[in-house]
Enquirer: 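One structure follows; several queries about it will come next.
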Amino acid sequence: MSAITKRAIEESFKKLLSEQPLDKITVKNITDDCGVNRNTFYYHYSDIYELLEDIFMEEAQKAIDSMNSEQSWEEGLCSGLRFVKENKKLIYHVYNSLHRETIERYLYKVSSDFMLKFIDNVSSDLIVDESDKNFIAAFYKFALVGIMLDWLEGGMKTEPDELISRLSKILSGTLRTVLLNADKSGKSNS
């Protein structure tokens, strides 16, 4: 029953957030919409911002989990961007509020995990220190998030598939070279 109640709270919040800015939504609005009392809300969440963070981190985890299947990093990241585009009003109500960092944390989390998986795939035949892999992943993570934030600022006019395709061309061409430079086995010299 608790999971059903929590899901109802989340769905009500998402619905309200797609209709109005974050700073206009109260706990009372959410509880009235989903038919629970305030104590029930506070049993699950300390405040609206924890609820917001939970929703975004759940979506990030879904996108990350999809990479454990047969999906490529491009497909996984694209599913994360589709969530953003499909929930455009909700995203902009958060993004244009004082809690923009929630969206940024979501993008950093998704990008970081995707980059680490991509790096592992590209460097499977190389010997690269974990610290180098983490540093390279951080570099590309910041580049990806910068591009995605620019995409948000620009009104999400480019389709997620097209954006990911363009990113893939850049990453596929440069990442292998960067990893070869970090390779300890000497393959970069051959």
Side-chain angles (χ1 to χ4, degrees), residues 3-36 41 44-69 71-115 117-118 140-171:
I4 294 170
T5 303
K6 189 174 177 181
R7 179 64 51 208
I9 292 168
E10 290 172 0
E11 291 304 316
S12 289
F13 181 57
K14 285 196 255 185
K15 178 183 142 211
L16 292 168
L17 197 51
S18 68
E19 297 168 355
Q20 58 191 316
L22 176 64
D23 58 354
K24 300 285 186 211
I25 299 172
T26 64
V27 171
K28 182 173 179 4
N29 298 139
I30 297 167
T31 57
D32 287 351
D33 186 77
C34 67
V36 300
F41 176 90
H44 294 286
Y45 301 102
S46 60
D47 57 24
I48 287 176
Y49 307 110
E50 182 183 356
L51 169 58
L52 179 67
E53 185 81 21
D54 193 46
I55 289 170
F56 276 96
M57 288 303 114
E58 270 182 34
E59 288 302 323
Q61 197 57 52
K62 282 182 200 173
I64 291 160
D65 289 346
S66 74
M67 289 193 65
N68 294 332
S69 66
Q71 279 189 317
S72 67
W73 74 269
E74 292 98 338
E75 292 167 323
L77 188 55
C78 200
S79 72
L81 290 182
R82 280 191 202 109
F83 164 77
V84 170
K85 187 146 186 170
E86 287 165 5
N87 293 281
K88 193 173 187 174
K89 281 186 176 181
L90 177 152
I91 296 296
Y92 280 122
H93 282 142
V94 174
Y95 190 71
N96 294 323
S97 77
L98 297 176
H99 295 279
R100 173 180 297 209
E101 70 275 356
T102 302
I103 291 174
E104 290 176 4
R105 272 194 301 277
Y106 165 76
L107 294 173
Y108 281 123
K109 170 90 174 117
V110 171
S111 297
S112 179
D113 289 346
F114 287 132
M115 284 313 308
K117 179 174 180 172
F118 188 45
Y140 281 99
K141 169 186 74 173
F142 287 113
L144 284 174
V145 171
I147 287 169
M148 289 186 276
L149 289 173
D150 189 55
W151 177 67
L152 280 171
E153 287 285 329
M156 298 185 221
K157 291 182 178 91
T158 306
E159 288 301 317
D161 296 6
E162 183 184 337
L163 184 64
I164 297 302
S165 174
R166 295 173 86 186
L167 285 169
S168 179
K169 288 176 188 171
I170 293 168
L171 290 176

Enquirer: Look up atom CD1 in Ile55 and atom CD in Glu11, then write down how far apart they are to the nearest 0.5 Å.
Expert: 7.5 Å

Enquirer: Could you tell me if the side chain of Ile48 sits less than 4.5 Å from the side chain of Leu22, heavy atoms only?
Expert: yes

Enquirer: For Gly155 and Lys88, which heavy atoms make the closest approach, and how far apart are they?
Expert: O-NZ, 3.0 Å

Enquirer: Please answer whether the main-chain N or O of Leu152 pairs with a side-chain N or O of Tyr92 as donor and acceptor at a distance below 3.5 Å.
Expert: yes

Enquirer: Enter the distance from Arg7:CZ to Ile9:CD1 here, rounded to the nearest 0.5 Å.
Expert: 11.0 Å

Enquirer: If you round to the nearest 0.5 Å, how far is CG of Leu167 from CG of Leu144?
Expert: 5.5 Å

Enquirer: Quick one: do Lys109 and Asp113 make a salt bridge, cutoff under 4.0 Å?
Expert: yes

Enquirer: Tell me every residue that passes ring pair (Phe, Tyr, Trp, His ring centres under 6.0 Å) with Phe13, counting only those two or more places apart in sequence or in another chain.
Expert: none

Enquirer: Quick one: OG1 on Thr5 to NE2 on His44, what's the gap to the nearest 0.5 Å?
Expert: 5.0 Å

Enquirer: For Tyr45, is there any backbone N or O sitting under 3.5 Å from a side-chain donor or acceptor partner on Lys6?
Expert: no

Enquirer: Trp151 versus Lys85: any side-chain heavy-atom pair under 4.5 Å?
Expert: yes

Enquirer: Going by heavy atoms in the side chains, are Ile91 and Met156 under 4.5 Å from each other?
Expert: yes

Enquirer: Can you name the residues that form a ring pair (Phe, Tyr, Trp, His ring centres under 6.0 Å) with Tyr140, not counting sequence neighbours?
Expert: none

Enquirer: Return the minimal non-hydrogen interatomic distance between Leu16 and Asp33, and the atom names on each side.
Expert: CD1-CB, 4.4 Å

Enquirer: List for me each residue that meets ring pair (Phe, Tyr, Trp, His ring centres under 6.0 Å) alongside Tyr108, sequence neighbours excluded, and say none if there are none.
Expert: Phe142

Enquirer: Would you confirm whether Asn29, through its side chain, and Thr26, through its main-chain N or O, come within 3.5 Å as a donor-acceptor pair?
Expert: yes

Enquirer: Is a donor on one side and an acceptor on the other found under 3.5 Å between the side chain of Ser165 and the backbone of Asp161?
Expert: no

Enquirer: Could you check whether any side-chain heavy atom of Glu104 comes within less than 4.5 Å of a side-chain heavy atom of Val145, counting everything from C-beta outward?
Expert: no

Enquirer: Find the distance between SG (Cys78) and CZ (Phe114) and round it off to the nearest 0.5 Å.
Expert: 10.0 Å

Enquirer: Between Lys24 and Glu19, does any NZ, NE, NH1 or NH2 come within less than 4.0 Å of an OD or OE carboxylate oxygen?
Expert: no

Enquirer: How far does CG of Asp54 sit from OH of Tyr49, to the nearest 0.5 angstrom?
Expert: 16.0 Å

Enquirer: If we ignore angles and hydrogens, is there a donor and acceptor under 3.5 Å between the side chains of Ser46 and Glu50?
Expert: yes

Enquirer: Please determine whether salt bridge (charged side-chain N to carboxylate O under 4.0 Å, His left out) holds for the pair Arg100 and Glu153, giving the CA-CA distance in whole Å, both sets of side-chain angles, and the decisive distance to 0.1 Å.
Expert: CA-CA 12 Å; Arg100 173 180 297 209; Glu153 287 285 329; 3.4 Å; yes

Enquirer: Of all the heavy-atom pairs spanning Ser111 and Met148, show the shortest one and how long it is.
Expert: OG-CE, 3.0 Å

